[in-house]
K.L.:
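Have a look at the structure that comes next, please.
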Amino acid sequence: PEDVAEDFNAEFDSSYETIIYNVYKSDAPARYLGSMAPFILRHYDSSEYIRNLVDLNFRRFVEDSLMKYDVATYPVAVIGGFGYAAREIVTRIFSEYGIRISMFLPAPIEKLVEYHK
């Protein structure tokens, strides 16, 4: 939608060259894409387009990736900044599929240190 596009363009350089470089050629594509998370979550409640996009992609993730595993028996841990920031959304969508969540963790380092102690 035009209003979302205007806000996005005001906050990010959305030129083709910039996006291609940052996603395919830079050393940190995940960091680049993750930098858009605050924008996405800020517009989640006010933009039906953003809300549908986020919900659809979490559902696709569940259906294409998580449902290959025994998620009915074992809870799922959500690790990473976007999953942590979107934990209310993730919880709602995962519950639609009967997926239990054991924890939300913004970064794995805390548990890795604990494991190696």
Side-chain angles (χ1 to χ4, degrees):
E2 201 170 310
D3 60 328
V4 175
E6 286 175 12
D7 287 349
F8 186 84
N9 290 329
E11 194 165 332
F12 299 99
D13 177 357
S14 60
S15 69
Y16 178 82
E17 296 79 15
T18 299
I19 292 170
I20 293 300
Y21 174 80
N22 283 303
V23 172
Y24 295 106
K25 297 177 181 178
S26 76
D27 293 335
R31 184 180 309 133
Y32 169 71
L33 293 170
S35 73
M36 296 174 189
F39 175 88
I40 292 167
L41 294 175
R42 203 170 50 248
H43 287 81
Y44 183 84
D45 290 327
S46 62
S47 170
E48 183 179 0
Y49 174 81
I50 296 286
R51 187 172 43 259
N52 289 337
L53 185 66
V54 170
D55 289 357
L56 173 67
N57 279 283
F58 275 126
R59 286 188 180 96
R60 282 186 178 162
F61 172 71
V62 168
E63 292 169 8
D64 295 346
S65 298
L66 292 183
M67 297 309 283
K68 294 177 183 179
Y69 302 98
D70 191 4
V71 293
T73 303
Y74 301 104
V76 173
V78 179
I79 313 296
F82 189 75
Y84 184 82
R87 58 191 175 277
E88 291 176 12
I89 301 164
V90 172
T91 299
R92 178 177 47 80
I93 298 217
F94 280 24
S95 71
E96 293 173 10
Y97 293 88
I99 298 172
R100 293 173 296 125
I101 300 169
S102 62
M103 74 175 76
F104 285 95
L105 203 59
I109 191 70
E110 175 183 318
K111 292 294 179 182
L112 285 170
V113 169
E114 183 180 312
Y115 173 79
H116 287 288
K117 281 184 177 179

K.L.:
Just distance, no hydrogens or angles: give the donor-acceptor pairs under 3.5 Å from side chains in residues 23-36, sequence neighbours left out.
P.N.:
{"unit_1": "Ser26", "atom_1": "OG", "unit_2": "Asn22", "atom_2": "O", "d": "2.8"}
{"unit_1": "Ser26", "atom_1": "OG", "unit_2": "Ala28", "atom_2": "N", "d": "3.4"}
{"unit_1": "Ser35", "atom_1": "OG", "unit_2": "Tyr32", "atom_2": "O", "d": "2.5"}

K.L.:
With sequence neighbours excluded, tell me which residues meet side-chain hydrogen bond (donor to acceptor under 3.5 Å, both in side chains) with Asp3.
P.N.:
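With sequence neighbours excluded, Asp3 shows a side-chain hydrogen bond (donor to acceptor under 3.5 Å, both in side chains) to no residue whatsoever.
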K.L.:
Can you name the side-chain contact (heavy atoms from CB on, under 4.5 Å) partners of Phe61, sequence neighbours left out?
P.N.:
Ser65, Leu66, Phe94
K.L.:
Taking the side chain as every heavy atom from C-beta outward, state whether Tyr44 and Ile40 have any atom pair closer than 4.5 Å.
P.N.:
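No, too far: nothing below the 4.5 Å cut-off.
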K.L.:
Do you know the tightest heavy-atom contact between Ala37 and Phe82?
P.N.:
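Shortest heavy-atom separation between Ala37 and Phe82 comes out as CB-CD1, 3.2 Å.
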K.L.:
Can you find a pair of side-chain heavy atoms, one from Ile89 and one from Leu41, that are under 4.5 Å apart?
P.N.:
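Ile89 reaches Leu41 side chain to side chain.
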K.L.:
When rounded to the nearest 0.5 angstrom, what distance separates CZ in Arg60 from CD1 in Ile93?
P.N.:
12.5 Å
K.L.:
Check for a donor-acceptor pair, side chain of Lys117 on one end and backbone N or O of Val113 on the other, with a separation under 3.5 Å.
P.N.:
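Side chain of Lys117 to backbone of Val113: no pair is present.
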K.L.:
List the residues meeting side-chain hydrogen bond (donor to acceptor under 3.5 Å, both in side chains) with Asn57, not counting sequence neighbours, and say none if there are none.
P.N.:
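Residues passing side-chain hydrogen bond (donor to acceptor under 3.5 Å, both in side chains) with Asn57: none at all.
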K.L.:
Using the salt bridge (charged side-chain N to carboxylate O under 4.0 Å, His left out) criterion, which residues pair with Glu17? Sequence neighbours excluded.
P.N.:
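Glu17 satisfies salt bridge (charged side-chain N to carboxylate O under 4.0 Å, His left out) with no other residue.
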K.L.:
Counting C-beta onward and ignoring hydrogens, is there a side-chain heavy-atom pair between Val71 and Tyr97 closer than 4.5 Å?
P.N.:
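Val71 does not reach Tyr97 side chain to side chain.
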K.L.:
Give the other cluster members for Tyr21, using side-chain heavy-atom distances under 4.5 Å between Ile, Leu, Val, Met, Phe, Trp and Tyr residues; answer none if it is isolated.
P.N.:
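So far as hydrophobic clustering goes, Tyr21 is joined with none.
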K.L.:
Considering residues at least two apart in sequence or located in another chain, which fulfil the side-chain hydrogen bond (donor to acceptor under 3.5 Å, both in side chains) criterion with Arg87?
P.N.:
none
K.L.:
Thr18: what forms a side-chain hydrogen bond (donor to acceptor under 3.5 Å, both in side chains) with it, not counting sequence neighbours?
P.N.:
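For Thr18, the residues satisfying side-chain hydrogen bond (donor to acceptor under 3.5 Å, both in side chains) (neighbours in sequence not counted) are Asp13, Ser15.
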K.L.:
Scan for salt bridge (charged side-chain N to carboxylate O under 4.0 Å, His left out) pairs involving residues 41-58, sequence neighbours excluded, and state none if there are none.
P.N.:
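Listed by first then second residue: Glu11-Arg42, Asp55-Arg92.
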K.L.:
Tell me, please, which residues at least two apart from Tyr74 pass side-chain contact (heavy atoms from CB on, under 4.5 Å).
P.N.:
Asp70
K.L.:
Connecting only ILVMFWY residues whose side-chain heavy atoms lie within less than 4.5 Å of each other, what is the rest of Leu105's hydrophobic cluster?
P.N.:
Ile79, Met103
K.L.:
The criterion is side-chain contact (heavy atoms from CB on, under 4.5 Å); which residues satisfy it with Arg100, sequence neighbours excluded?
P.N.:
Pro75
K.L.:
Evaluate the ring planes of Phe8 and Phe39, with Trp represented by its six-membered ring, and classify them as parallel (under 30°), tilted (30 to 60°) or perpendicular (over 60°).
P.N.:
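Rings of Phe8 and Phe39: perpendicular, over 60°.
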